[in-house]
Novice: 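What follows is a single structure, and I will ask about it in a moment.
In listed order, ligands and their atoms are each counted from 1.
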Amino acid sequence: MDRLRLQELDTEGCDLQHLRPVALTPVHSVHVTAQLKADDASGSARREKHLDVLNVRYVVKEWQGPWWKGACFRRVIDKVVLNDVSLRLKPGEITAILGNSGSGKTSLLDVIACRSSGKVTGSILYNATKCTRAIVQNHATYVMQADRLLPNLTVRETLTYTARLKLHCSNHAIDKKVTQVIMEMGLKDVADSRVGGSIIRGISGGEQRRVTIAIQLLKDPDMIFLDEPTSGLDSYTARYLVSNLRDLARRGKIVLLTIHQPSSDIFTLLDKVGIMSKGEMVYFGCAREIVPYFTALGYPCDRYINPLDRYVDVASIDRRDIEKERESLERVASLVQAFKSSPTHLQTIKDIHADLKEGPTCIEGDARDPGPSYFRVVGTILHRMFRNLFRDRKDYVARLLLLPLFFLFILIFLGRLKHNQQSIQDRVGLLYQSSTVPPFMGIINSVALFPCFRDQYYREKRDGLYGTVTFLLAYSIHVLPFHLISSAIFSSMVYWVTGMHPGADHFGLYSVQIFILHYWGEMTTIAMMGLFMNQNLAQSVTALVQAAHVIIASGFLKDLHSIVKPLRWISWALIHRYSAEIFVANEFSGLKFECPGPGPDNVTLPCMKYGDDYIDKYYPDSPEHMARNFGILVAYAIGTLILAIVCLEVKGNKNLH
Ligand SMILES: Nc1ncnc2c1ncn2[C@@H]1O[C@H](COP(=O)(O)OP(=O)(O)OP(=O)(O)O)[C@@H](O)[C@H]1O
């Protein structure tokens, strides 16, 4: 198919002569240089805003050796990911970067989009001006490989919320913009359908990809970068998606994508193609010129073979054995050399230098867009979280009722509390449950519901929409009503049904404490999910941390005076030291317990007649420390929120793609 189709392609914009490869002789070099000088002298009008990559080299640090040797004893080597890459991207064109796995496609996209983590030398220029994060944020968008959408929102809602976070305009203008991108990306039929995810059935994978792209079109960018936008899509959907992108390019945008195994149909939609190998360009030029170019180098393409498959193969390193690897390395080196000496490449470099000399066409619009107000951002995130939760009955009910439902276990196990000697142990058991269950339910709730928000936060933070403090502030406000309601239901049922200390003030203190512990449990989990991407690991570590807290510091399992000194010291730093004191002082103060009479042989068993005796023996001075302990509890909860902010901010997700 491909050769025949290729001949039918639109030939506008590509000078075929420039793409012919040349043999590497001094005569050619002199001729090319002379030709470039002549072109330079004539001068040419270049008013378009190009994106230029000039002699870019990207080096990252790679740690060698096992992790347990630590940072000081492991060898660090410099790994060259991109080497001397130059290319020019023009408005109105769609360009695809291809190459085998590990060839550097994603890294090139990252470097261009100012998202790389290593050392970049060379120049990335937009409109002959050095690209900075601010310029990229104002003029470009980056579509990552993963979709990271909230499953319970509809397509229109997803776009509307993001538009409110991105745009500084009225709701009416936002609705218009959202409708426009829905039409542009062919999402009209699914505009009011739920997005869905791995558990909830929603729109198809291809439609989710288009929603992700539509999100990035809300700001009407000049440049669109897409990392593997067609991965996981069937060939029809992939073609449809690329044709959408081509339409966008035709509206004067620069579209650059990386792609794995494009079908021959997709090939016909591309204007420019770059083939990479080992971080270097083997070919960059018009799509339809790729076959003549490689044919001239001695690599013809059979008419029934997709040229892109063929030439990605030619540029791949065969690592099956040493001989094959050596051969393929030599082949790639000669291809790189041939491309660097080709007239098209030399012309590109000459054009970039000429633009640099001329300077930018205009610099308006490079100042950072102020975006929406802080309150609007917090309000929008909050509204979106609530709506996502309300849409799923199971999530919603679980958030409200998981903690109260635990009351049933307590009731079955303990029944109604009496006032005999046995009831002292029962009360201690109940207080132990009251200390462990609310934080544990915090883990369960957040592990189920937080990851989708976290993934979305990582993407939107990278897009510069808001920061960690804003995100966690909104998240905390969003969980507060649920914590309040579920803690209130749990406390009321446990307190009055089991018959704890009578008195409304005692009940009030117990309820507030349950609420703080529940909130603390959730925030500890969020902090761990900031540290560990794997949510199972985060859940296990949090459960361990919480169990250690209660075992060491509560005194319910072992009297605090009889534990070893180091653990006693540690207990002063743990929340359950203070929460246990409050629980015990609140429950035992003023209670009276019946003492059994002498047994048949007239033996009187030891008896604790007053609750205050229990307090004096195991938690002395705890009633006097009530206010201090409550203050520490509140400080602990706020401190854990700050810890969560630090964990999410510092650890981040450096490999976000
Ligand atoms: N930050 C980094 N630290 C260490 N190595 C890196 C880093 N970034 C890129 N690399 C390495 O550079 C090479 C190119 O990676 P890149 O992800 O760009 O390849 P790719 O062509 O996009 O591959 P794929 O198609 O499999 O996604 C790989 O060997 C990768 O391991």
Novice: Can you list the atoms of ligand 1 that are under 4.0 Å from a heavy atom of Gly104?
Specialist: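 Matching atoms, with element in brackets: 14 (C), 18 (O), 19 (O), 20 (P), 21 (O).
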Novice: Under a 4.0 angstrom heavy-atom cut-off, which atoms of ligand 1 come close to Ser117?
Specialist: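 Counting from 1, the qualifying ligand atoms are 1 (N).
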Novice: When you measure from the centre of the six-membered ring of Tyr142, is the NZ or CZ of Arg462 under 6.0 Å away and within 45° of the axis?
Specialist: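 No cation-pi geometry.
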Novice: Between Tyr240 and Tyr236, how do the two ring planes meet: parallel, tilted or perpendicular, split at 30° and 60°?
Specialist: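 The rings of Tyr240 and Tyr236 lie parallel, inter-plane angle below 30°.
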Novice: Parallel, tilted or perpendicular, judged at 30° and 60°: which one describes the rings of Tyr293 and Phe339?
Specialist: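 Geometry flag for Phe339 against Tyr293: perpendicular rings.
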Novice: Measure the acute angle between the ring planes of Phe471 and Phe450, then classify it against the limits of 30° and 60° as parallel, tilted or perpendicular.
Specialist: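 Judged by the thresholds at 30° and 60°, the geometry between Phe471 and Phe450 is tilted.
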Novice: Return the option from Lys278, Lys79, Met276 holding the heavy atom at the smallest distance from atom 30 (C) of ligand 1.
Specialist: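 That would be Lys79.
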Novice: Would you tell me which option among Val60, Thr106, Val80, Val81 has the nearest heavy-atom contact to atom 12 (O) of ligand 1?
Specialist: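 Shortest heavy-atom distance from atom 12 (O) of ligand 1: Val81.
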Novice: In a check of salt bridge (charged side-chain N to carboxylate O under 4.0 Å, His left out) between Asp271 and each of Arg250, Lys90, Arg288, which one passes?
Specialist: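 Single salt bridge (charged side-chain N to carboxylate O under 4.0 Å, His left out) partner of Asp271 among Arg250, Lys90, Arg288: Arg250.
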Novice: Looking only at distance, does Ser107 have an N or O less than 3.5 Å from an N or O of ligand 1?
Specialist: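 In this structure, Ser107 places an N or O atom under 3.5 Å from an N or O of ligand 1.
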Novice: Are there over 12 heavy-atom neighbours, none belonging to Ile77, within less than 6.0 Å of that residue's CD1?
Specialist: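 Counting neighbours around CD1 of Ile77, more than 12 heavy atoms of other residues, nucleotides or ligands fall under 6.0 Å, so yes.
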Novice: For Gly118, state whether at least one heavy atom is located under 4.0 Å from any atom of ligand 1.
Specialist: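 The answer is no: ligand 1 sits nowhere under 4.0 Å from a heavy atom of Gly118.
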Novice: Going by the closest heavy atom to atom 14 (C) of ligand 1, which one wins out of Ser101, Gly99, Gly102?
Specialist: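 Result: the heavy atom closest to atom 14 (C) of ligand 1 is in Gly102.
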